[in-house]
Number of protein chains: 2
Amino acid sequence: MPTFEDRLTITDQLVSTLRDAILRGKLEPGKLYSVYKIADEFGVSRTPVREAMLRLADAGMVRFERNRGFRVLRTSARELQEVFQLRLLLEVPAAARAAMRANEALIAEVESELDAMAAAASARDEAEFMSRDRVLHELILAASDNKKLVESVRSLRFVTMTLGASTVDRSRSLADILVEHRPIVVAIAAHDSASAAAAMRYHIIHTGTLLLNQLVDEGRDSGYLDPDWVDAFPTYHGHAH
Amino acid sequence: MPTFEDRLTITDQLVSTLRDAILRGKLEPGKLYSVYKIADEFGVSRTPVREAMLRLADAGMVRFERNRGFRVLRTSARELQEVFQLRLLLEVPAAARAAMRANEALIAEVESELDAMAAAASARDEAEFMSRDRVLHELILAASDNKKLVESVRSLRFVTMTLGASTVDRSRSLADILVEHRPIVVAIAAHDSASAAAAMRYHIIHTGTLLLNQLVDEGRDSGYLDPDWVDAFPTYHGHAH
DNA sequence: CTTGGCACAGTAGCATGCTACTTGTCAACA
DNA sequence: TGTTGACAAGTAGCATGCTACTGTGCCAAG
């Protein structure tokens, strides 16, 4: 008896839709919205909208304000630093472990994903590129055989993705980021965990630095920034470079 | 004008209450419950109960089953391994950083907490002991100055706390666990980050091993267990021991 | 004894009703 | 002009109504 996979609830669909809306800037940070209006807009009742927003509130993307509405939260530079510090702690060892555990199937997958990223980069298709980037990182994380690790990083990444909608010339950054991924993939294919770790570390540091600079350049968030955030935690580095 | 702190919503109160109920075994793992009955029991409507359970479902403590109820999930050995692998990745560097950043205030706090743990241990007050243990770990994590790190570990710990209610002689383990905390605190007070990392690593490994063995001894979860889970990820160790 | 189907009770998911509270407006007034 | 205060609009939070769906038990047919 083929038990059908539970069909998605309206709430589940709204979580994705509304999260995308926030990430794409359709719901603007800092502004107040109401469950009433969102529900009308989507032609559903208030309940699933509220439940979806509560999930996003849990993830730190919005905040409910009693009897006023909910506010889309602006990612602060501080948060960005915290996220990239955690990604260093999690993804660098994960890359090393992926290199240790890599089999032919995984190697084929990551190489295929890298090719797709290259294609998206030369096509200047930023959305596709970012999507492929995410998948590649998740492949590497999944290879470490720890589901909670994958979930942790996934939720961390949502925080940073809010910034993707800003209007900066990315053509160069896109190529840059691509170049950083190749040594990770190569190291994994060669079962060279130290190199994989080093390459992943370099990549995450570079990406984080770019995003932080972007935030500062935009004049947002004059708050405290730790210039040494990269070396805040002692970590497994792979080899020095 | 003293803006009063928003009074807690019923949902917020229920999240704590119901989570405690699960951790204390009042809601039994594997059993099906219904929002209807819980709502009646607490004298509130179904909505806040449902919203609270949805938060716990997000945290992985329960799972809703369509038109059937919600099931309290049993922590599997697999999950336990994953949690302790992540805690190694996060708390060991955090301990090292805490040692680097420690000031008089922090040192006083952790030492005070350690004393309280010792008192609770000799009084065989397991609940108090576990509570102090949690606070000590959170102090160390908070010293790393990364709120998302604190939150990540906090949610990870909830998963393992489900096991606390089982009936095993803990008097020895209690003393054991206390002994492991002292070198962490001493290293932090001495600003010796390598020793702090090594002590934290040893502690987490020992605690994880104890809980895993307990699970296996109880015959639960015959599933796959990686005997080398400790060394799965290359990490910063502090010094060898 | 086995099988099948059929009524029945119980539930999540969604829709909607209701209320206390917050904020903004604007007129009356000092 | 500046201040106040009643009033209106809008909202989250909670309560409740409604429905399609699920598993269970009974009973009859084989």
Side-chain angles (χ1 to χ4, degrees), chain A residues 1-19 21-22 26-74, chain B residues 1-19 21-22 26-74:
Chain A
M1 198 162 300
T3 26
F4 289 113
E5 160 180 316
D6 267 352
R7 72 171 191 279
L8 288 180
T9 64
I10 296 181
T11 298
D12 288 331
Q13 299 173 43
L14 284 174
V15 168
S16 308
T17 304
L18 291 171
R19 177 163 48 207
I22 293 175
K26 186 78 182 175
L27 293 181
E28 297 174 26
K31 272 187 76 173
L32 268 175
Y33 294 90
S34 85
V35 172
Y36 276 77
K37 291 174 182 168
I38 304 285
D40 275 357
E41 195 169 331
F42 285 90
V44 297
S45 79
R46 309 193 308 271
T47 306
V49 174
R50 174 171 165 82
E51 287 180 357
M53 295 311 307
L54 283 172
R55 296 243 301 255
L56 296 183
D58 240 20
M61 298 183 69
V62 302
R63 183 183 59 209
F64 274 87
E65 302 188 5
R66 198 182 183 93
N67 300 327
R68 305 217 323 127
F70 61 87
R71 193 181 300 278
V72 178
L73 297 178
R74 195 181 298 280
Chain B
M1 197 163 301
T3 26
F4 288 114
E5 160 179 317
D6 267 351
R7 73 171 192 278
L8 288 180
T9 63
I10 297 181
T11 298
D12 288 332
Q13 300 173 43
L14 284 174
V15 168
S16 307
T17 305
L18 291 172
R19 178 165 44 209
I22 292 175
K26 186 78 180 175
L27 293 181
E28 298 174 25
K31 271 186 76 173
L32 268 175
Y33 295 89
S34 85
V35 171
Y36 275 76
K37 290 174 183 168
I38 304 284
D40 274 356
E41 195 169 330
F42 285 90
V44 298
S45 78
R46 308 194 306 273
T47 305
V49 174
R50 174 172 165 82
E51 288 179 357
M53 296 310 308
L54 282 172
R55 297 241 303 252
L56 296 183
D58 239 20
M61 298 183 69
V62 302
R63 183 184 57 209
F64 273 88
E65 302 188 3
R66 198 181 184 94
N67 301 326
R68 305 221 318 129
F70 61 85
R71 192 181 301 278
V72 179
L73 296 179
R74 195 181 297 279

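Everything numeric here is computed off the predicted structure, so don't read it as measured data.
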Task: Nucleic acid contacts of residues 44-57 of chain B, taken as heavy-atom distances under 4.0 Å to DNA chain D - done: B/Val44, B/Ser45, B/Arg46, B/Thr47, B/Pro48
Task: Any A/Arg71 side-chain heavy atom under 4.5 Å of A/Phe64 side chain - done: no
Open item on the list: Rounding to an integer number of Å, can you tell me how far B/Leu14 CG sits from D/dA15 C1'?
Closed with: 14 Å
Open item on the list: How many whole angstroms separate atom CZ of B/Arg66 from atom P of D/dT19?
Closed with: 16 Å
Open item on the list: Could you tell me how far apart A/Phe42 (CZ) and C/dC14 (P) are, to the nearest whole angstrom?
Closed with: 15 Å
TODO: Return no unless some side-chain N or O of A/Thr9 is found under 4.0 Å from OP1 or OP2 of C/dA12.
DONE: no
Open item on the list: Using whole Å, what does the distance between atom P of nucleotide D/dT11 and atom CG of A/Asp40 come to?
Closed with: 10 Å
Task: Residue pairs fulfilling salt bridge (Lys or Arg N to Asp or Glu O under 4.0 Å) with at least one residue in residues 27-45 of chain A, sequence neighbours excluded - done: none
Task: Footprint string (nucleotides 5-10 of chain C, 5' to 3'): B base within contact, S backbone only, - free, heavy atoms under 4.0 Å - done: -----B
- [ ] Compare all side-chain heavy atoms of B/Ile22 with those of B/Leu56 and state whether any distance is below 4.5 angstrom.
- [x] yes
Open item on the list: Could you tell me if the side chain of B/Met61 sits less than 4.5 Å from the side chain of B/Leu73, heavy atoms only?
Closed with: no
TODO: Round to the nearest Å and state the distance from A/Leu8 atom CG to C/dA12 atom P.
DONE: 19 Å
TODO: Answer yes or no: is there a side-chain heavy-atom contact under 4.5 Å between B/Glu51 and B/Thr9?
DONE: no
- [ ] Identify, with sequence neighbours excluded, every residue that meets salt bridge (charged side-chain N to carboxylate O under 4.0 Å, His left out) alongside A/Arg55.
- [x] A/Asp12, B/Asp58
TODO: Would you mind reading off the distance between A/Ile38 atom CD1 and D/dA12 atom P, rounded to a whole angstrom?
DONE: 10 Å
Open item on the list: Do B/Tyr33 and B/Leu27 make a side-chain contact, defined as non-hydrogen atoms from C-beta onward lying under 4.5 Å apart?
Closed with: yes
- [ ] Mind checking side-chain contact (heavy atoms from CB on, under 4.5 Å) for A/Thr17 and listing every partner two or more places apart, or none if nothing turns up?
- [x] A/Phe42
- [ ] Could you say whether A/Thr11 or A/Tyr36 is positioned toward the 5' end of DNA chain C, judged by the nucleotide with the nearest heavy atom to each?
- [x] A/Thr11
TODO: Please report, rounded to the nearest Å, how far the C1' atom of C/dT11 is from the CZ atom of B/Phe70.
DONE: 11 Å
TODO: Go through the structure and list residues passing salt bridge (charged side-chain N to carboxylate O under 4.0 Å, His left out) with B/Arg46, not counting sequence neighbours.
DONE: none
Task: Rounded interatomic separation in angstrom, taking CD from A/Gln13 and C1' from C/dC14 - done: 13 Å
